[in-house]
Amino acid sequence: DVKVTQSSRYLVKRTGEKVFLECVQDMDHENMFWYRQDPGLGLRLIYFSYDVKMKEKGDIPEGYSVSREKKERFSLILESASTNQTSMYLCASSFLRGGNNEQFFGPGTRLTVL
Amino acid sequence: AQSVTQLDSHVSVSEGTPVLLRCNYSSSYSPSLFWYVQHPNKGLQLLLKYTSAATLVKGINGFEAEFKKSETSFHLTKPSAHMSDAAEYFCVVSVRGGSQGNLIFGKGTKLSVKP
């Protein structure tokens, strides 16, 4: 079974802190994704990566950056956390390019910024 | 451009009755379509996917969906609801012609199942 793990299930941070969210997948997938999920808005893509050291902006990249130094690991960074970044963050991975490849999701990290 | 619309934000059914979750899509290309389910405090799990093979797609846990090109719909159904089906369901369309491998998610339909 594909496994996507996220470093924390729940996080509480203060405004202005630098926040790291880690995601690891164990199936040698090329593609990795970071989404945020908010009630009534569904999932919105923040950043994605098709290869090591490669990244592309999604629909809502402002206030976020990412890092992919190894194929299995994709990190989301909040340089200076703000209260409007309180949300559920979901990481996903998929094999190859092509829209008909399903994405496998981690359990999510619920981040609260005070 | 591709988009997906889930027509109901909440659906409530009684246990043992049929489930219908509605989804319309818009796509310039022949789309790939998915349904995902999210149980409370969990990640998303794939229920089923359509990738231009059979128009009636069977998924896990007794769910199925029918691709209707003329109606641009991909509704999710189940003949008999179970309490464990209570969750949020997302209809998803793939992105073509730009960032391959990306998905566009509907806003979700929350399914409640009454005993």
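Below, all heavy atoms of this structure are taken into account, side chains as well, without hydrogens, waters or symmetry copies. No experiment lies behind these values; they were computed from the predicted model shown. Throughout, protein chains are lettered first and strands after them, A, B, ... in sequence-line order, and every chain is numbered starting at 1.
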Verify the distance criterion only: is there a donor paired with an acceptor across the side chains of [X] and [Y] at less than 3.5 Å?
{"X": "Tyr89(A)", "Y": "Arg110(A)", "value": "no"}
{"X": "Tyr35(A)", "Y": "Tyr47(A)", "value": "no"}
{"X": "Gln6(B)", "Y": "Thr109(B)", "value": "yes"}
{"X": "Ser65(A)", "Y": "Glu79(A)", "value": "yes"}
{"X": "Asn24(B)", "Y": "Ser73(B)", "value": "no"}

Of the backbone (N, CA, C, O) and the side chain (C-beta and beyond), which part of [X] lies under 4.5 Å from a heavy atom of chain B, both, or neither?
{"X": "Leu45(A)", "result": "side chain"}
{"X": "Arg9(A)", "result": "side chain"}
{"X": "Gln6(A)", "result": "neither"}

- Query: Would you say Glu30(A) and Tyr50(A) make side-chain contact, with heavy atoms under 4.5 Å?
  - Reply: no
- Note on the structure: By residue number, those in residues 13-24 of chain A with heavy atoms under 4.5 Å from heavy atoms of chain B are none
- Query: So, do Phe90(B) and Tyr36(B) have ring centers that fall under 6.0 Å from each other?
  - Reply: no
- Query: chain A heavy atoms under 4.5 Å from Gln45(B): which part of the residue, side chain, backbone, both or neither?
  - Reply: neither
- Contact origin within Glu88(B) toward chain A - heavy atom pairs under 4.5 Å: side chain
- Matching residue for Tyr89(B) among Trp35(B), Phe105(B), Phe74(B), Phe63(B) - test: ring pair (Phe, Tyr, Trp, His ring centres under 6.0 Å): Phe63(B)
